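Here's the structure, in C-alpha cells; my notes come after.
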Amino acid sequence: MSDQPLGKPRPLVKVMLLSVATLTLYYGWYKWIIQEELRHYNNSGWSGTLCLLPFLLGVAVPQALWILDPDVPGWFGWFSLVGIVWIYIVQFRLYRTVNQLYRQEGLTEPLVVWWIFIPGFNLIVGLKQIDVLSKFWAMKQETIPDGAILNLKSLKS
C-alpha cells in the first residue's frame, strides 16, 4: 500500500441517502471532504473550501441582496450565475482528477468529462464520479467499504 494519505470509500447509495435525508447538507460536506482528500493524496489541487465557498457566496449573496435590499435592482439576482459557473469549473476539474487517478493506475478512465455540459448527462457523470472514486479508494486500501457491493478484482483488471 502507498504511503500517501488515502481517502475514504463512500458508496453511491450511502451518499445519495444521506444527501436526501439532510436536504443536501451531507452532499456539501461530501464535496468538501473529497476535494481535501484528493488534495492531500496528490499533494496538489484545490481545497474543499476553495471549491465550495465561491459557489456558496456566488449564489447566496446576490440572491440575499436582491431580496432583502430594496435599492438593489431586480436584475442583480442574475449574478448568482457566477456561482453556478464556478461549480461547473470545480466539477470539471474533479472529473479530470478522478480520471487521472485511474490513468496513473493503468486503468481505463471511467468518466466522460464533457458530459458535464449536457443537461441530464451531467447528473449521470456526477453520480458515476461518486461511485468510481469510492471504488478507487477501496482498491487502494484493498477493502470493501461498508454498504458497498463492488468487485475489486474487476476493477484491477
Side-chain angles (χ1 to χ4, degrees), residues 1-61 63 80-157:
M1 232 179 354
S2 171
D3 290 338
Q4 294 172 295
L6 299 174
K8 178 181 177 186
R10 294 174 185 87
L12 175 60
V13 173
K14 185 176 181 180
V15 172
M16 289 175 57
L17 290 174
L18 288 171
S19 296
V20 169
T22 62
L23 304 175
T24 69
L25 288 176
Y26 179 83
Y27 188 71
W29 177 84
Y30 169 81
K31 296 306 280 181
W32 179 82
I33 196 67
I34 62 168
Q35 291 294 153
E36 290 293 322
E37 290 172 351
L38 289 168
R39 184 169 67 108
H40 288 103
Y41 180 76
N42 292 322
N43 292 318
S44 67
W46 289 357
S47 70
T49 303
L50 177 62
C51 293
L52 287 181
L53 193 60
F55 165 70
L56 294 172
L57 292 175
V59 171
V61 170
Q63 292 301 312
S80 288
L81 290 176
V82 172
I84 303 294
V85 168
W86 179 254
I87 207 66
Y88 269 88
I89 292 167
V90 168
Q91 289 298 96
F92 182 80
R93 288 178 49 92
L94 173 62
Y95 299 161
R96 283 188 22 215
T97 301
V98 171
N99 277 345
Q100 180 183 2
L101 293 174
Y102 272 72
R103 192 172 50 251
Q104 289 171 350
E105 294 293 323
L107 301 168
T108 304
E109 294 181 1
L111 303 174
V112 180
V113 176
W114 295 105
W115 282 10
I116 192 173
F117 299 108
I118 303 171
F121 284 114
N122 57 351
L123 177 62
I124 293 169
V125 75
L127 294 173
K128 189 171 181 180
Q129 173 269 307
I130 295 168
D131 185 52
V132 298
L133 187 56
S134 180
K135 288 178 180 178
F136 178 81
W137 294 133
M139 176 191 68
K140 294 299 282 182
Q141 296 173 14
E142 298 178 352
T143 63
I144 297 177
D146 294 337
I149 302 172
L150 56 92
N151 183 348
L152 293 177
K153 290 180 183 177
S154 68
L155 186 62
K156 289 184 180 180
S157 58

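Remember, it's a predicted structure, so these values are computed and weren't measured experimentally.
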Counting only N and O atoms by type, is there a donor-acceptor contact under 3.5 Å from the side chain of D131 to the main-chain atoms of Q129?
no
Can you confirm whether R96 is buried at CZ, in the sense that more than 12 heavy atoms of other residues, nucleotides or ligands lie under 6.0 Å from that atom?
no
Atom OG1 of T97 and atom OH of Y95: how far apart are they, to the nearest 0.5 Å?
11.5 Å
For the CG atom of L94 and the CZ atom of F92, what is their distance to the nearest 0.5 Å?
11.5 Å
Roughly how far, to the nearest 0.5 Å, is the CD1 atom of I33 from the CG atom of L38?
10.5 Å
Looking only at atom types and distance, does a side-chain atom of K128 sit under 3.5 Å from a main-chain N or O of P110, one as donor and one as acceptor?
yes
OH-OG1 distance between Y30 and T24, expressed to the nearest 0.5 angstrom
14.5 Å
Using atom types as modelled and distance alone, determine if a side-chain donor or acceptor of W115 lies under 3.5 Å from a backbone N or O of L123.
no
On a heavy-atom basis, which atom in N42 and which in L101 lie closest, and how many Å separate them?
OD1-CD2, 3.6 Å
Quick check for you: to the nearest 0.5 Å, what is the distance between E105 atom CD and Y102 atom OH?
9.5 Å
Got a second to check how far Q91's CD is from K31's NZ, nearest 0.5 Å?
3.5 Å
Where do M139 and L107 land on the side chain to side chain contact (heavy atoms under 4.5 Å, CB included) test, with the steps shown first?
CA-CA 12 Å; M139 176 191 68; L107 301 168; 3.9 Å; yes
Aromatic ring pairing Y41/W137, orientation class (parallel under 30°, perpendicular over 60°, tilted between)
perpendicular
Here the pair of heavy atoms bringing S19 nearest to Y26 is OG-CD2, 3.8 Å
Main-chain N/O of G7 paired to Q141 side chain as donor or acceptor, under 3.5 Å
yes
Checking the side chain of S47 only, and the main-chain atoms of L50 only, is there a donor and an acceptor separated by less than 3.5 Å?
yes
